[in-house]
There are 2 protein chains.
Amino acid sequence: MSIDRRQLIIEAATKSFSQFGYKATTMDQVAKIANVGKGTIYTFFKNKEELFDEITNSLIREMKVAAEDAFQTDLPFYEKVHRALYRILEYRLEHQLTIKLFQEGREMRTPAVMEVMERLEQGIISYIKEKVAQAVDKGEIKECNPELTAFVMLKLYIALIFDWERNHDPLTKEDIAKLLEQYVFKGLSK
Amino acid sequence: MSIDRRQLIIEAATKSFSQFGYKATTMDQVAKIANVGKGTIYTFFKNKEELFDEITNSLIREMKVAAEDAFQTDLPFYEKVHRALYRILEYRLEHQLTIKLFQEGREMRTPAVMEVMERLEQGIISYIKEKVAQAVDKGEIKECNPELTAFVMLKLYIALIFDWERNHDPLTKEDIAKLLEQYVFKGLSK
DNA sequence: TATATGACCGAAATCGTATTTTAGTCAGTT
DNA sequence: AACTGACTAAAATACGATTTCGGTCATATA
């Protein structure tokens, strides 16, 4: 049996997207890295965006697996949420592809990239939403709107991790866990 | 005594910045509206940016006054914070100048405008920080880092008011007050 | 003579167009 | 039947010509 060209293409494209971003990787480039004629790419993927989606969908799946992994403990709920969210956001710093895309979305506003980031955010929110709904059912936390709660938790995390350090020393993982506990779970009331 | 040219210039510039934004107002334009020679502007302001700062500083002062006004009640602390923050963020929707600048900062990234938005955010945070510190002193709320708390509250508000409605029906003023109370003050723990 | 002005300047932005790049196709090769 | 890469049309870019604009200063005015 001959080599799996589809896989070669995916690997090549992943490499190129990671290194140059979406806009700056050309289909010729991908074909060359994959050692494949350009036309061949189009027998597997309708267009550049579909190839991109294939790769980013795997990425999102992987992030869910990582989060799910962090969630499987018997710690208190807020600690589990913290670990899951932290894991997901850590991903951005560890994987070249997400770093590049995050940057490209912010500074070049490439539409295809913006859409992916949107999908990524939605994916995280729907994942957390599910967990919140389960926790409410199990009576682990108070009644609340699960989607809104997931949304608030994610925004809080992004603010604490990315926005805060634009003007201050970065917060440690433990700081952030404490803050999530303090603000969202325990509350400031006496 | 002759007319107050400085004031004429400030009024003209405010009009023009409100209507066209920072980048698109020219010094010739301002001079014309103010009925003043262009050179005259430079006898009062070192350059375009200093004129802009003069105007945006008044804006920030006005916003503080509006917030302070909302704060002078004897409601519970979270309700006062809510009123103050809501008042500040409402400002953006009511005043042409802030709308224009907000938009220009987002979509054109004009550096001078970005700086002003940054100062504006800092102004809000330091104002809220002060209030939080006082509330801690008076024993109205638990011990916490006042700046971080102010930061979290502002980010939460911006997320609830501006980000949430990009994908959902907007939240009402009462919804938002409830959410601030629920998440930041009471907490989700049982 | 203190204040105000607008013609003027160089730098920067914008515009128009020639040139290059690139996503996607398809006739031909293996 | 699977694969290829030369080809095309459209989009992006590079670039020089032109315009715009912030800031200055010699002159005018009161």
Side-chain angles (χ1 to χ4, degrees), chain A residues 1-56 100-101 104-105 107-116, chain B residues 1-56 100-101 104-105 107-116:
Chain A
M1 157 194 174
S2 73
I3 36 172
D4 183 350
R5 289 166 195 279
R6 188 171 190 279
Q7 194 52 36
L8 285 180
I9 290 165
I10 288 176
E11 280 161 22
T14 302
K15 248 182 227 164
S16 186
F17 287 141
S18 299
Q19 192 165 3
F20 307 110
Y22 178 76
K23 193 159 179 298
T25 87
T26 69
M27 296 303 261
D28 279 307
Q29 170 88 313
V30 173
K32 194 142 165 219
I33 298 175
N35 254 309
V36 140
K38 185 159 58 148
T40 307
I41 299 176
Y42 290 88
T43 65
F44 295 111
F45 303 96
K46 204 169 95 252
N47 52 37
K48 185 180 178 182
E49 192 156 347
E50 202 171 86
L51 171 59
F52 185 52
D53 285 347
E54 171 81 21
I55 288 169
T56 52
K100 202 74 201 173
L101 293 181
E104 189 174 348
E107 64 199 38
M108 322 209 330
R109 305 268 161 116
T110 316
V113 175
M114 300 294 277
E115 276 168 39
V116 165
Chain B
M1 159 198 175
S2 73
I3 38 174
D4 183 349
R5 290 167 194 281
R6 189 171 191 278
Q7 194 53 34
L8 283 180
I9 290 164
I10 289 178
E11 279 160 24
T14 302
K15 250 184 224 163
S16 185
F17 288 142
S18 298
Q19 191 164 5
F20 307 111
Y22 177 75
K23 194 158 177 299
T25 87
T26 68
M27 295 304 260
D28 280 308
Q29 169 87 315
V30 172
K32 193 141 164 223
I33 298 175
N35 254 310
V36 140
K38 185 159 58 150
T40 307
I41 300 177
Y42 290 88
T43 65
F44 295 110
F45 303 97
K46 205 171 91 250
N47 53 35
K48 185 180 178 183
E49 194 157 347
E50 202 172 85
L51 172 57
F52 185 52
D53 284 348
E54 171 80 20
I55 288 169
T56 52
K100 203 73 202 174
L101 294 182
E104 190 174 347
E107 64 200 36
M108 322 209 329
R109 304 270 159 115
T110 315
V113 175
M114 300 294 276
E115 273 169 40
V116 166

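Residue numbering restarts at 1 for every chain, and letters A, B, ... go by the order of the sequence lines.
For dC3(D), one of the phosphate oxygens OP1 or OP2 lies less than 4.0 angstrom from a side-chain nitrogen or oxygen of Arg5(A).
Put simply, the side chain of Thr43(A) reaches to within 4.5 Å of the side chain of Thr40(A), judged on heavy atoms. Residues Phe52(A) and Leu101(A) are in side-chain contact: their nearest non-hydrogen atoms beyond the backbone lie under 4.5 Å apart. Here the side chains of Glu54(A) and Glu50(A) are not in contact, with every heavy-atom distance at 4.5 Å or above. Side-chain contact between Asp4(B) and Leu8(B) is absent, with no heavy-atom pair separated by less than 4.5 Å.
Atom-to-atom, CD1 of Ile41(A) to C1' of dC26(C) comes out at 16 Å; the value is rounded to the nearest Å. Atom pair Gln29(B):CD and dG6(C):P shows a separation of 16 Å (rounding to whole Å applied). Atoms CD (Glu50(A)) and P (dG24(C)) sit 10 Å apart, rounded to a whole Å. Spacing between atom CG of Asn35(A) and atom P of dT4(D) amounts to 9 Å, rounded to whole angstrom units. Rounded to whole angstrom, the span from the NZ atom of Lys32(B) across to the P atom of dA7(C) amounts to 12 Å. Atom CZ of Phe45(A) and atom C1' of dA23(C) are 16 Å apart (whole Å). To the nearest angstrom, C1' of dT21(C) lies 16 Å from CZ of Phe20(A).
Nearest heavy atoms, Leu51(B) versus Ile9(B): CD1-CG2, 4.1 Å. Nearest heavy-atom pair across Gly37(A) and Ala31(A) is C-CB, 4.1 Å. The two residues Lys100(A) and Phe20(A) come nearest to each other via the heavy atoms CE-C, 3.7 Å.
Under the 6.0 Å distance and 45° angle rule, Lys48(B) counts as a cation-pi partner of Tyr22(B).
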Nucleotide N/O to protein N/O under 3.5 Å, stretch nucleotides 20-23 of chain D:
{"unit_1": "dG22(D)", "atom_1": "OP1", "unit_2": "Thr25(B)", "atom_2": "O", "d": "3.2"}
{"unit_1": "dG22(D)", "atom_1": "OP1", "unit_2": "Lys48(B)", "atom_2": "NZ", "d": "2.9"}
{"unit_1": "dG22(D)", "atom_1": "OP2", "unit_2": "Met27(B)", "atom_2": "N", "d": "2.7"}
{"unit_1": "dG22(D)", "atom_1": "N7", "unit_2": "Lys38(B)", "atom_2": "NZ", "d": "3.1"}
{"unit_1": "dG23(D)", "atom_1": "OP2", "unit_2": "Tyr42(B)", "atom_2": "OH", "d": "3.2"}
{"unit_1": "dG23(D)", "atom_1": "OP2", "unit_2": "Lys48(B)", "atom_2": "N", "d": "2.7"}
{"unit_1": "dG23(D)", "atom_1": "N7", "unit_2": "Lys38(B)", "atom_2": "NZ", "d": "3.0"}
{"unit_1": "dG23(D)", "atom_1": "O6", "unit_2": "Lys38(B)", "atom_2": "NZ", "d": "2.3"}

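Axis orientation changes by 10° from one end of the helix from dT1(C)-dA30(D) to dT30(C)-dA1(D) to the other, with each end axis drawn from 5 pairs and the value rounded to 10°.
Looking at residues two or more places apart in sequence or on another chain, you find no ring pair (Phe, Tyr, Trp, His ring centres under 6.0 Å) involving Phe45(B).
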